[in-house]
Trainee: 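What follows is a single structure, and I will ask about it in a moment.
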Amino acid sequence: MSVNLHYEDKARSAGFSSVCGVDEAGRGPLCGPVCVAACILDPEAPVYGINDSKKLTEKKRDALFDVITERALTYGIASASVDEIEEFNILNATFLAMNRAVAKLDPAPELALIDGNRNTGIAMPSRCIVKGDSRCADIAAASILAKVSRDRYMLNLAEKYPQYHFEQHKGYGTKLHYEALREYGPSPEHRPSFLRKMH
């Protein structure tokens, strides 16, 4: 079951001619960047099967990533680094990455639909949609682009730092990850502020 364009249609009927969806991946992990995607799907070239990236298998996400990037009118993928997360905090770093992703869209949207309930740091007109990644097609597409991009980044890191097993947990705070941190200490890709709670 695909997520529909109800929210996009509603915004267009309110006078916004171009609407994008925005979502992030990687706010919770202990390491790596936070990745954000912004996307404007083409109503004339629908992508079937899109949904909240967390509800899809990795294989399905990878396949949809290719279809979305091929068929979308425009999309942008951006990130905020570990240094930026440490400097600005994770919420503000996420907004920074959101603004970067939206800035890559051509044509530029008039309205951004943001997953979640916070949009204070967005530099353009925006609306929040709680659980937007399973209710709004453009946000669902953005969630897939962001998640796949971040996962691929973490797979590359896994080759550089095999001792942390990033390919298995993608940087989230699993038992395996904490065990590796206790044994090897943090890498340059770990977020110091996220490790303070470690026992």
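Residue numbers start at 1 and run along the sequence shown. Only this structure's heavy atoms are used, side chains among them; waters, hydrogens and symmetry mates stay out.
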Trainee: Cluster question for you: counting only ILVMFWY and a side-chain heavy-atom cut-off of under 4.5 Å, with indirect links fine, are Leu105 and Leu41 together?
Mentor: no

Trainee: Nearest heavy-atom pair of Gly21 and Ala142: which atoms, and what distance?
Mentor: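 Heavy atoms only, the tightest pair is O-CB, 3.6 Å.
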
Trainee: Got Gln168 and Thr174 here, is their nearest side-chain heavy-atom distance under 4.5 Å?
Mentor: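 Side-chain contact under 4.5 Å: no.
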
Trainee: Please identify which of these residues, Phe166, Phe194, Tyr161, meets the ring-ring contact (aromatic ring centres under 6.0 Å, His included) condition with His177.
Mentor: Phe166

Trainee: When rounded to the nearest 0.5 angstrom, what is the spacing between CG in Leu96 and OG1 in Thr94?
Mentor: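 The distance works out to 9.0 Å.
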
Trainee: Could you give me the CA-CA distance, side-chain angles and deciding distance for Glu179 and Glu183, then say whether side chain to side chain contact (heavy atoms under 4.5 Å, CB included) is met?
Mentor: CA-CA 6 Å; Glu179 281 168 3; Glu183 190 171 346; over 6 Å; no

Trainee: For Tyr164, does the OH atom have more than 12 heavy-atom neighbours from other residues, nucleotides or ligands under 6.0 Å away?
Mentor: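 Check passes, neighbour count above 12.
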
Trainee: Hey, which of Asp115, Ile114, Val3 is the one that makes side chain to side chain contact (heavy atoms under 4.5 Å, CB included) with Ile139?
Mentor: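 Exactly one option meets the side chain to side chain contact (heavy atoms under 4.5 Å, CB included) with Ile139, and it is Asp115.
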
Trainee: Answer yes or no: is there a donor N or O on one side and an acceptor on the other, between the side chain of Glu110 and the main chain of Ser17, under 3.5 Å?
Mentor: yes

Trainee: Quick check: do Met124 and Pro109 have side-chain heavy atoms less than 4.5 Å from each other?
Mentor: yes

Trainee: Which pair of non-hydrogen atoms, one from Ala78 and one from Ala97, has the smallest distance, and what is that distance?
Mentor: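 Closest heavy-atom pair between Ala78 and Ala97: CB-O, 3.7 Å.
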
Trainee: Treating Arg61 as the side-chain partner and Leu56 as the backbone partner, does any N or O pair qualify as donor plus acceptor under 3.5 Å?
Mentor: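 Between the backbone of Leu56 and the side chain of Arg61 there is a qualifying donor-acceptor contact (under 3.5 Å).
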
Trainee: May I ask you to test the Asp151-Lys170 pair for a side-chain heavy-atom distance under 4.5 Å?
Mentor: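 Side-chain contact under 4.5 Å: yes.
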
Trainee: Looking at Phe65, is Arg152 sitting on its ring face, NZ or CZ under 6.0 Å from the six-membered ring centre and within 45 degrees of the normal?
Mentor: yes

Trainee: Using every non-hydrogen atom in the two residues, find where Leu73 and Pro43 come nearest and quote the distance to one decimal.
Mentor: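 Shortest heavy-atom contact: CD1-CD, 4.5 Å.
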
Trainee: State yes or no: do Leu111 and Val102 share one hydrophobic cluster built from I, L, V, M, F, W and Y residues joined by side-chain heavy-atom distances below 4.5 Å, directly or via other members?
Mentor: no

Trainee: Nearest 0.5 Å please: distance from the CD1 atom of Ile85 over to the CG atom of Leu91.
Mentor: 11.5 Å

Trainee: Are the side chain of Glu159 and the backbone of Asn156 linked by a donor-acceptor contact shorter than 3.5 Å?
Mentor: no

Trainee: If you take all heavy atoms of Asp133 and Ala140, which pair is closest and at what distance?
Mentor: O-CB, 3.3 Å

Trainee: Starting at NZ of Lys10, measure out to CD1 of Ile129 and round the result to the nearest 0.5 Å.
Mentor: 8.0 Å

Trainee: Hydrophobic cluster membership, with links at side-chain heavy-atom distances under 4.5 Å among I/L/V/M/F/W/Y: are Ile144 and Ile77 in one?
Mentor: yes

Trainee: Determine, using the 4.5 Å side-chain heavy-atom cutoff (strictly less than), whether Tyr153 and Val34 are members of one ILVMFWY cluster.
Mentor: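 Yes, it is one cluster - the side chains of Tyr153 and Val34 are joined through contacts under 4.5 Å.
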
Trainee: Is there a side-chain contact between Leu30 and Tyr178 in this structure, where contact means two heavy atoms from C-beta onward sitting under 4.5 Å apart?
Mentor: yes

Trainee: Is a side-chain N or O of Glu86 found less than 3.5 angstrom from the main chain of Ser193, in a donor-acceptor match?
Mentor: yes

Trainee: Between Ser143 and Ser53 (side chain of the first, backbone of the second, donor and acceptor by atom type, cut-off under 3.5 Å), is there such a pair?
Mentor: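 Here the side-chain-to-backbone pair exists.
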
Trainee: Distance check, rounded to the nearest 0.5 Å: Met154 atom CE versus Arg150 atom CZ?
Mentor: 5.0 Å

Trainee: Going through the distances and angles, do Asn119 and Val22 end up as a side chain to side chain contact (heavy atoms under 4.5 Å, CB included)?
Mentor: CA-CA 11 Å; Asn119 62 344; Val22 182; over 6 Å; no

Trainee: Taking Thr74 for the side chain and Asp106 for the main chain, is one N or O donor matched with an acceptor at less than 3.5 Å?
Mentor: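 Indeed, once roles are kept as given, a pair shorter than 3.5 Å links the two residues.
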
Trainee: If you count the non-hydrogen atoms of other residues, nucleotides and ligands that lie under 6.0 Å from CZ in Arg27, is the total more than 12?
Mentor: yes

Trainee: Say whether Leu155 and Leu157 are linked into one hydrophobic cluster, either directly or through other cluster members, by side-chain heavy-atom distances under 4.5 angstrom.
Mentor: no

Trainee: Which heavy atom in Pro186 sits nearest to a heavy atom in Leu195, and how many Å separate them?
Mentor: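 Looks like CB-CD1, 3.6 Å.
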
Trainee: Using side-chain heavy atoms (C-beta onward) and a distance below 4.5 Å, is Phe95 in contact with Asn92?
Mentor: yes

Trainee: Determine, stepwise, if the pair Arg100 / Val36 fulfils side chain to side chain contact (heavy atoms under 4.5 Å, CB included).
Mentor: CA-CA 8 Å; Arg100 285 173 180 162; Val36 171; over 6 Å; no

Trainee: Distance check, rounded to the nearest 0.5 Å: Arg71 atom CZ versus Cys39 atom SG?
Mentor: 12.5 Å

Trainee: Could you give me the CA-CA distance, side-chain angles and deciding distance for Lys147 and Asp23, then say whether salt bridge (charged side-chain N to carboxylate O under 4.0 Å, His left out) is met?
Mentor: CA-CA 9 Å; Lys147 174 79 174 135; Asp23 199 8; over 6 Å; no

Trainee: Measure across Gly26 and Ile90 and return the closest heavy-atom pair with its distance rounded to 0.1 Å.
Mentor: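 For Gly26 and Ile90, the tightest heavy-atom pair comes out as O-CD1, 4.4 Å.
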
Trainee: Under the salt bridge (charged side-chain N to carboxylate O under 4.0 Å, His left out) rule, what do Asp9 and Arg12 come out as? Steps first, then yes or no, please.
Mentor: CA-CA 5 Å; Asp9 292 340; Arg12 285 189 192 99; 3.6 Å; yes

Trainee: Pair Leu113, Asp138 - check side chain to side chain contact (heavy atoms under 4.5 Å, CB included), show working.
Mentor: CA-CA 8 Å; Leu113 299 174; Asp138 280 305; 5.7 Å; no

Trainee: Where the side chain of His169 meets the backbone of Gly171, is there a donor-acceptor pair that is under 3.5 Å apart?
Mentor: yes

Trainee: Just verifying a value: how many Å separate Ile50 CD1 and Leu145 CG, rounded to the nearest 0.5 Å?
Mentor: 9.5 Å

